[in-house]
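One structure below.
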2 protein chains.
Amino acid sequence: MAPDQESVSTAIQEPLCAVFRRRLKQAGHKYTPERARILDAIIRIDDIFDAETLQRALSAGGHDVSKATVYRTLKLLQDAGIIQQLMIDPEQSRWQLVYGRSPRAVLIRVDTDEITPIDLPGLDELCRRACADRGLRLEGRRLHIFATGD
Amino acid sequence: MAPDQESVSTAIQEPLCAVFRRRLKQAGHKYTPERARILDAIIRIDDIFDAETLQRALSAGGHDVSKATVYRTLKLLQDAGIIQQLMIDPEQSRWQLVYGRSPRAVLIRVDTDEITPIDLPGLDELCRRACADRGLRLEGRRLHIFATGD
DNA sequence: GTCGGTGCAAATGCTTTGCATTGAT
DNA sequence: ATCAATGCAAAGCATTTGCACCGAC
């Protein structure tokens with residue numbers, strides 16, 4: 001149980017909260033109700049989100065969590081490889097769930113400000129090759145596409 | 001002279017400062033020495049840069065420019081399509097020259113924090129197709145690749 | 001001569017941090 | 001019981017803005 005190295009298939013089947021709990025323990029952190037609720041809210045949102053949206057979703061669910069804890073937990077979730085921080089606009093950070101799946105690209109409509117995560121087959125291979133060509137190992141990627149409607 | 005729509009080949013041959021001056025005039029702005037010097041410094045840096053690096057380069061060249069003007073001019077250069085704002089880390093923005101060429105991807109060594117712009121043939125086509133599939137027109141893109149050495 | 005630009009210092013707003021209290025293990 | 005986590009309010013810090021003076025057109 002709880003192998004140090006887990007395959008992606010294992011990852012997909014294991015509940016995310018269990019993954020988070022294990023990663024926290026490995027790093028000497030505690031698994032608190034606040035942290036559980038934050039991850040839960042992120043899973044429910046199932047989209048790109050910012051800190052304020054997340055905090056509001058928590059409040060709406062009857063669980064007020066302080067801004068400080070939200071930010072501290074987001075960092076932990078990032079360190080655990082569960083979420084990825086996007087930097088779409090410099091005003092505020094947004095995050096997306098990435099654990100157990102290929103990070104999606106982000107499509108930004110510059111005319112409507114609509115933000116949509118999309119799958120882009122072939123992107124991973126492109127990045128992997130770019131790294132391999134330089135003797136490096138791909139650790140992550142972030143693609144923002146800016147587009148406009150006709 | 002000074003066509004409203006210019007081809008890429010024209011763009012490459014025309015000095016960037018002339019492009020900037022023209023775009024400023026079109027938008028009812030003035031072409032000031034500070035703005036000229038800022039663009040000049042950016043061209044000389046010829047790499048990814050942040051606001052502080054840019055301001056220091058200007059000072060080193062004997063031309064002090066205020067932080068406020070640096071930021072205001074960066075926004076104008078961005079609106080003119082001459083530079084692109086990157087958001088590599090949430091601490092501070094960085095920019096790169098993009099006028100007349102395909103924006104380069106950014107390779108970030110997570111072990112050394114080294115940041116290198118790279119060309120990634122095929123990326124443009126990938127993004128263009130993703131937009132076309134959704135009836136959109138590609139306006140820009142930003143790819144950050146995180147990698148580590150062995 | 002007109003407006004827009006510049007520099008300074010103050011303001012802004014997201015994110016982080018210090019500290020006393022609370023709670024997971 | 002211990003040591004980390006929480007919440008609050010205050011601090012940080014890159015970036016923006018108000019305002020008086022200056023300068024491109």
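To find a chain, count down the sequence lines: A is the first, B the second, and so on, and within it residues start at 1.
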*Atom-pair distance (CZ on Arg56(B); P on dA14(D)), nearest Å*: 11 Å
_Protein-nucleotide distance (Glu52(A), atom CD; dC14(C), atom C1'), rounded to Å_ = 10 Å
*Would you indicate what Asp50(B) reaches in the nucleic acid, counting non-hydrogen atoms under 4.0 angstrom: base, sugar-phosphate, or nothing?*
nothing
_Strand contacts (DNA chain C) in residues 70-94 of chain A, 4.0 angstrom heavy-atom criterion_ = Tyr71(A), Arg72(A), Lys75(A), Glu91(A), Gln92(A), Ser93(A)
*Which word best sums up how the rings of Phe20(B) and Tyr31(B) line up, parallel for under 30°, tilted for 30 to 60°, or perpendicular for over 60°?*
perpendicular
_Side chains of Ile145(B) and Val106(B) in contact at under 4.5 Å (non-hydrogen atoms)_ = no
*asked:* Starting the side chain at C-beta, find the nucleotide from dG7(C), dT6(D), dT15(C) nearest to Glu34(A).
replied: dT6(D)
*Between atom CG in Leu54(A) and atom C1' in dT15(C), what is the gap in whole Å?*
14 Å
*Mind checking what makes side-chain hydrogen bond (donor to acceptor under 3.5 Å, both in side chains) contact with Asp40(B), not counting sequence neighbours?*
Arg44(B)
*State, to 0.1 Å, how close Gln55(B) and Ser66(B) come at their nearest heavy-atom pair, and which atoms those are.*
NE2-C, 3.7 Å
*Atom NZ of Lys67(B) to atom P of dA14(D): distance rounded to whole Å?*
8 Å
*With nearest nucleotides of DNA chain C determined for Pro33(B) and Ala51(A) from heavy-atom distances, which residue corresponds to the more 5′ nucleotide?*
Pro33(B)
*Considering only dA9(D), dC3(C), dT6(C), which nucleotide approaches the side chain of Ala68(A) most closely?*
dA9(D)
_Euclidean distance, atom NE2 of residue His63(B) to atom P of dT6(C) [Å, nearest integer]_ = 14 Å
_Flag if over 12 foreign heavy atoms under 6.0 Å of CD, Glu114(A)_ = no
*Does Thr69(B) put a side-chain nitrogen or oxygen below 4.0 Å from OP1 or OP2 of dG5(C)?*
no
*Distance in angstrom units between Gln26(A) CD and dT25(C) C1', rounded*: 17 Å
_For a salt bridge (charged side-chain N to carboxylate O under 4.0 Å, His left out) check, start with the C-alpha distance between Asp124(A) and Arg141(A), then their side-chain angles and the critical distance, and finish with the verdict._
CA-CA 8 Å; Asp124(A) 248 333; Arg141(A) 27 152 268 248; 2.9 Å; yes
*Rounded to whole angstrom units, what separation is found between the NZ atom of Lys30(B) and the P atom of dA24(D)?*
9 Å
_Residue closer to the 5' end of DNA chain D, His29(A) versus Lys25(B) (nearest nucleotide)_ = His29(A)
*asked:* Rounded to whole Å, how long is the line connecting atom CZ of Arg37(B) with atom C1' of dG5(C)?
replied: 13 Å
*asked:* Do Glu34(A) and Thr69(A) pair up side chain to side chain, a donor and an acceptor below 3.5 Å, judged on atom types alone?
replied: no
